[in-house]
4 protein chains.
Amino acid sequence: MATETQRSTGRRRNPATRATILATAFAVVAELGYAGLTIEKVAARAGVGKQTIYRWWPNKGALVLDAVLERTAGAGSDGAPAELPDTGDLEADLSAVLVATVEEFADPDFDRALRGLTAAVIEDAELALAYRERLDGPMRELKKRRLRRAQEAGQLDPDVDLDLAVDLVFAPIAQRWTERSGDLTPDGARTVVRHALRGLAAP
Amino acid sequence: MATETQRSTGRRRNPATRATILATAFAVVAELGYAGLTIEKVAARAGVGKQTIYRWWPNKGALVLDAVLERTAGAGSDGAPAELPDTGDLEADLSAVLVATVEEFADPDFDRALRGLTAAVIEDAELALAYRERLDGPMRELKKRRLRRAQEAGQLDPDVDLDLAVDLVFAPIAQRWTERSGDLTPDGARTVVRHALRGLAAP
Amino acid sequence: MATETQRSTGRRRNPATRATILATAFAVVAELGYAGLTIEKVAARAGVGKQTIYRWWPNKGALVLDAVLERTAGAGSDGAPAELPDTGDLEADLSAVLVATVEEFADPDFDRALRGLTAAVIEDAELALAYRERLDGPMRELKKRRLRRAQEAGQLDPDVDLDLAVDLVFAPIAQRWTERSGDLTPDGARTVVRHALRGLAAP
Amino acid sequence: MATETQRSTGRRRNPATRATILATAFAVVAELGYAGLTIEKVAARAGVGKQTIYRWWPNKGALVLDAVLERTAGAGSDGAPAELPDTGDLEADLSAVLVATVEEFADPDFDRALRGLTAAVIEDAELALAYRERLDGPMRELKKRRLRRAQEAGQLDPDVDLDLAVDLVFAPIAQRWTERSGDLTPDGARTVVRHALRGLAAP
DNA sequence: GACTAAACGAGACGGTACGTCCTGTCTTGAG
DNA sequence: CTCAAGACAGGACGTACCGTCTCGTTTAGTC
């Protein structure tokens, strides 16, 4: 569902159709949630035959993953941002990123769509792999890059594993979102970053 | 779905039926996952009419929550453990708890059942509330109680919010589980605890 | 469902309950038809337990038969009329009876209730027997009595079978009702009687 | 349920499926009666999805009507007989037709199927209309045609309405069948015809 | 007056069927 | 070869009733 190979002959895949389907899928999952999303509904709303969806996506999860990817990639003018901010102040930079995330969660459409995708990912190991490779992975790479620079600057414990560092900084807020538990505010985010970084600081 | 008020007359609810349904629901979600769980399947396997399930649980999510609760409550002899270990060594105590969690995740049945419940919780706000009150809440209370004692003993920053502390210690491992990302090993758990506590320590 | 033997001891059957159930059953079948009639609905509307209905009637058909019987019996002041009119003018007398029948069919409640009963009777041989014995039979006896007097007075072919005579006079209108085919008017009824009697007259 | 308009595109209705469903429906109603007929049972026995039945028939009644029609139409090699017998002897001709009807009633399958249809027709006014137009109507037309020739030949009262004539001849036997009352024998049929014709004869 | 037994309301229960929705596949004609 | 349309077998949904089964209460009789 990631890279479709080019067919040699016959009518080619219509990119506009692909875009319509993904936009419709996003809209449906945003409105009705993952459980309420149906291939038939997407096909009907997109004015597309069911087969056209089944031809290119193996299941709901793959479709929603692509739909969310298409939307997040389209956010920046030229796709995803190439780099996290680096002002030299690590705490401020990470706080800014986390605050941005919190603000994204505040958009009901994005919230519901991402909840749908996450629900699918939890149960479907194969989809989880795709999710990590195509959505979470690139973002995590950016985070690690920023943290590596901090580590090289001596702001972080040189022995700490960067994946652990990412988890410590970002997981608490993510979990509050999934479980709708703690407060999901900019201030809450900043407090998390402060303590997480204290735990990762050079001893 | 928790406390049903007593009806004045008529035949009473059969507790054995309730237990059978919950046990069957757990088995089904453990075997087929949340998406593969069907009220019809549970009814058929439990030898019960569908209406008997719909009479007492409004949807799949509520049923699975009760099924998981019934199972975890039944784990200890007298229900849930009243208190987290307190040897005086905070890091060791929390590590023990997190390692136990990691080991629970290793049980495929428990893993799939909990994944099912979590998937439902992510999408259903009402269920999320019940989940927090009945499953997550009591456990979090225990954790906070242990941390409060440490805080009073001067082992933790006296200004830190205990909910934040819980999140910082436990969220990273939880997220690794949902996203099947980082390693879910006892050693990984211990490393998380070490750095999280360093971030929460008295300055 | 007809004659219940007296039990030696214990609480007796409440006749008011019986009446309420039958009245409710009639109302329900009049409103919703036989297919829409439900023991549960009757029980609920009558404010009665389902078991109380099942205790005394084996099925919907028996209940509806009793309900219709109760209603038709209650029509006359002292129950069913003991005799058909006998003015000496056979054609006029039979026309009067048939016109009365046509007018009964015009009452929507009675129409629907009787349709319900008839639908049940067509499929249920046992109920058909009870229907003949308790509803159709007595009425047919009255008709035959009137025709016998006419036959003895030489107004009818002495060789004609009286059951055949009843069928010839009354079946055409009955069939128009069941099939909603020909016109169900007093004039139509009178025309049927005229030709039927011509076919039964002494040669 | 009679004439489906042609759709512009998409897969066409499979006529073999239609035939299988109708044959199965006839078999089921013949075996279990109308009350015992279930869309689910028909679907299962026919190896067909329920939706395929609901797509083309709005309810049990319409299905059974089509099933009976398909069967009776398929009786003759080229469908229904185009004309009633006409030997010049009206009484003999009508007797032959009625005797044939009585013999059809003797076939248990046909009897139960037709009882099912009739039960549905009694309660459902819309179905009754379809029944008259598609089953009863054509047959009645044939009967009227035969009677009209007799009327023109001076064998019948020139003033008598032909619909009344049909009712007088055929309703008595039909009613005996529905109510399982009088005898349903060839001799009984002949006696009915004799007296009915006497009542319709030229004065 | 206490005891016994059935009638009665209420409603849980194992089932069956309803009519609808969706799945994933297949077929048809148009492009 | 793609695509929109839509038929198809299958299966689950959540609801409505079925007829049976407790329950606790009420009402007669019998002792």
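Reminder, nothing fancy here: chain letters follow the sequence lines and each chain counts from 1.
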(request) Please work out the stems of DNA chain E from pairs that are Watson-Crick or G-U wobble with both distances under 3.5 Å, keeping only runs of three or more consecutive pairs. (result) E:1-31 with F:1-31
(message) Tell me the interatomic distance from C/Glu40, atom CD, to F/dT20, atom C1', rounded to whole angstroms.
(response) 12 Å
(request) Could you tell me the separation between the CD1 atom of B/Ile21 and the C1' atom of E/dA12, rounded to a whole number of Å? (result) 11 Å
(request) Between D/Arg55 and B/Asn59, name the one whose nearest nucleotide on DNA chain F is closer to the 5' end. (result) D/Arg55
(request) Grab the CZ-P distance between A/Arg18 and F/dT2 for me, whole Å please. (result) 16 Å
(message) Do D/Leu37 and D/Leu32 have side chains that approach each other closer than 4.5 Å (heavy atoms only, starting at C-beta)?
(response) no
(request) Return yes if the base of E/dG15 and the side-chain atoms of B/Lys50 contain a donor-acceptor N/O pair under 3.5 Å, otherwise no. (result) no
(request) Could you work out which one of E/dC18, F/dC3, E/dG9 sits closest to the side chain of D/Ile39? (result) E/dC18
(message) I need the CZ-P distance between B/Arg45 and E/dG14, as an integer number of Å.
(response) 17 Å
(message) Using side-chain heavy atoms (C-beta onward) and a distance below 4.5 Å, is B/Leu63 in contact with B/Ile39?
(response) yes
(message) Please report the interatomic distance CD1(B/Ile122) to CG(B/Leu117), rounded to the nearest 0.5 Å.
(response) 10.0 Å
(request) Give the nucleotide from the list E/dA12, F/dC8, E/dG14 with an atom nearest to the side chain of D/Trp56. (result) F/dC8
(request) Would you indicate whether the side-chain heavy atoms of C/Val68 and C/Tyr131 approach each other to under 4.5 Å? (result) no
(request) Name all pairs fulfilling the side-chain hydrogen bond (donor to acceptor under 3.5 Å, both in side chains) condition that reach into residues 36-50 of chain B, sequence neighbours left out, sorted by first residue then second. (result) B/Glu31-B/Arg45, B/Glu40-B/Lys50
(message) Is A/Thr52 close enough to F/dT2 that one of its side-chain N or O atoms is under 4.0 Å from OP1 or OP2 there?
(response) no
(message) Could you tell me how far apart A/Leu63 (CG) and E/dC22 (P) are, to the nearest whole angstrom?
(response) 15 Å
(request) Looking only at side-chain atoms of C/Thr17, point me to the closest of F/dC18, F/dC13, E/dG9. (result) E/dG9
(request) Please collect all side-chain hydrogen bond (donor to acceptor under 3.5 Å, both in side chains) contacts where either partner lies in residues 114-124 of chain D, sequence neighbours excluded, each pair once. (result) D/Asp111-D/Arg115
(message) Please pick, from F/dC17, F/dC23, F/dT26, the nucleotide with the shortest atom-to-atom distance to any side-chain atom of B/Arg12.
(response) F/dC23
(message) Could you tell me how far apart A/Ile53 (CD1) and F/dA5 (C1') are, to the nearest whole angstrom?
(response) 13 Å
(request) Give the nucleotide from the list F/dA12, E/dT20, F/dC17 with an atom nearest to the side chain of B/Lys41. (result) F/dA12
(message) Heavy-atom nearest nucleotide on DNA chain E for B/Gly49 versus A/Lys60: which residue maps closer to 5'?
(response) B/Gly49
(request) Classify the side chain of B/Arg11 versus the base of E/dA12 as yes if they form a donor-acceptor pair under 3.5 Å and no if they do not. (result) yes
(message) Here's a test of your reading of the structure: between B/Leu37 and A/Gly47, which maps to the more 5' nucleotide of DNA chain F?
(response) A/Gly47
(message) Are A/Asp66 and A/Arg18 packed together at the side-chain level, in the sense that at least one heavy-atom pair is separated by less than 4.5 angstrom?
(response) yes
(request) Measure from the side chain of B/Tyr54, starting at C-beta and using heavy atoms only, and say which of E/dG9, F/dT20, F/dG14 lies closest. (result) F/dG14
(message) If you only use heavy atoms from C-beta on, which nucleotide in F/dA5, F/dC13, F/dC17 is closest to the side chain of D/Thr9?
(response) F/dA5
(request) Return the value, rounded to whole Å, for the distance between atom CG of D/Asn14 and atom C1' of F/dG6. (result) 14 Å
(request) Confirm from the modelled atom types if D/Gln51 and E/dC21 form a donor-acceptor pair under 3.5 Å, side chain to base only. (result) yes
(request) Starting from P on E/dC8, measure out to CZ on C/Arg13 and report it in whole angstrom. (result) 7 Å
(request) Find out whether the Lys NZ or Arg CZ of D/Arg13 is both under 6.0 angstrom from the six-membered ring centre of D/Trp56 and within 45° of the ring's axis. (result) yes
